[in-house]
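Note sheet for the following structure.
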Amino acid sequence: MKIGLVGFPGAGKSTVFGALTGLDPAAGAGTADKARIGVVKVRDPRVDALAGLFQPKKKTYAEVTFTDLAAGHASGVDRGALNAMRNLDALCQVVRAFPDLAGESGEPLREIDGLITETILADLELVEQRPTRIAKERGPAKEREMPLLERLREALESERPLRNVELAPEERRTLSGYSFLTLKPLLLVLNVAEDEVAAPAPSDVEAAAKERGLGLVVLSAKVEMDIAQMPEAEQAEFLSALGLAEPASHRFVRGAYELIDLISMLTAGPDECRAWPIPRGTPAPKAAGKIHSDLERGFIRAEVVPWQDLVELGSEARCREVGKLRVEGKSYVIQDGDVVHFRFNV
Ligand SMILES: Nc1nc2c(ncn2[C@@H]2O[C@H](COP(=O)(O)OP(=O)(O)O)[C@@H](O)[C@H]2O)c(=O)[nH]1
Ligand SMILES: [Mg+2]
């Protein structure tokens, strides 16, 4: 799963990337033709709470991969940038809302609309190329696809991104090979000036996000970068002075994680408290296989307790006593925040 930071030049993509990964944004700024990839921990208060309870030797967060697209794209939405976006599973658009070095204030709405317009045009091109190819093919694929593509074309022509078009699961499957840009989940990251981090999002930007059904995270890439470079103790002090409970980048990463439809299965004990990223809808045996293939092969049952109950009641034994710990079988679908213990036999 690849999440990409996209947007116009100077919006702060590389600075956000640096704040998330701890990598120097300047180090990558010169690479005109190469995207940078970084692995980022998904800070999770649930894992922290479980670790508080178990005092484990190890605490492990889920991880996601972020891509900072190559700096060489003149407009940020040129052909090269749009092509690079096709390989991503989700897009996070960094939008400039801070004054640049010349003192020019940002134009968030123009940037938001700009990316949407360019990605709609790119998708229209794709939708228009396809029928000429299908026309040469025969069979059921053609019959299924043509009316669907026609519907998509109509949506795009009326400037509607495909993520706002209602699609049946079957239709989604048909489209999965296409890499339509406006079908990719999109999260807006409003990069505000340093003195605005505690202020609510500007109402026009908030309205624009809401109207398009997009998530919105407000942060200052510069502040996040500073925070990332501070020792932990200093971080806490700095954040409380700003009136913030945690760095905004933590919230942003969690938002990106949800964007790609990953949920966290949790395991907890004296050795390790850990979040395991699994796709939403994963049945218990398959989820067990993420931990170890033996657990999937020899799956007997899963003992499940929601993390809040475990933290509140203090132990699995107590959860069992009061009936909060459930025994689930093969068909159980793991829920976000389930603390799971697998019983297996190989
Ligand atoms: N004042 C301020 N400057 C920022 C902020 N974020 C990025 N910048 C500056 O804006 C310029 C462009 O940032 P960069 O991350 O390279 O943008 P990119 O082109 O989207 O990768 C750099 O000089 C950054 O230091 C911010 O939150 N506040
Ligand atoms: Mg950059």
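Values below: all heavy atoms of this structure, side chains included; hydrogens, waters and symmetry mates excluded. Indexing begins at 1, ligand by ligand and atom by atom, following the structure's order.
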Going by the atom numbers of ligand 1, which of them fall below 4.0 Å from some non-hydrogen atom of [X]?
| X | result |
| --- | --- |
| P9 | 19 (O) |
| T15 | 7 (C), 13 (O), 14 (P), 15 (O), 24 (C) |
| F8 | 20 (O) |
| V192 | 27 (O) |

Side chain or backbone, does [X] bring an N or O within less than 3.5 Å of an N or O on ligand 1?
| X | answer |
| --- | --- |
| A193 | no |
| A221 | yes |
| D68 | no |
| G12 | yes |

Residues clustering with V304 (ILVMFWY side chains joined when closer than 4.5 Å, directly or via others):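 Its cluster mates, by chain and number, are I263, M265, W276, I278, I291, L295, F299, Y332, I334, V340, F342, F344, V346.
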Applying salt bridge (charged side-chain N to carboxylate O under 4.0 Å, His left out), can you list everything that pairs with D226, at least two apart in sequence or on another chain?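 So D226 forms no salt bridge (charged side-chain N to carboxylate O under 4.0 Å, His left out) with any residue.
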Side-chain donor-acceptor contact under 3.5 Å, Y257 with S264: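 Side-chain D/A pair, Y257 to S264: present.
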Judged by modelled atom types alone, do E145 and T174 share a side-chain donor-acceptor pair under 3.5 Å?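 Looking only at side-chain atoms, T174 and E145 do not form any donor-acceptor pair under 3.5 Å.
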Other residues, nucleotides, ligands: >12 heavy atoms within 6.0 Å of [X] [atom1]:
| X | atom1 | value |
| --- | --- | --- |
| K290 | NZ | no |
| R79 | CZ | no |
| E237 | CD | no |

May I ask you to check whether S14 brings an N, O or S atom to under 2.8 Å from the Mg ion (ligand 2)?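 Yes, S14 qualifies, because one of its backbone or side-chain N, O or S atoms lies under 2.8 Å.
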For ligand 1, is there an atom lying under 4.0 Å from some heavy atom of V94?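 False for this residue.
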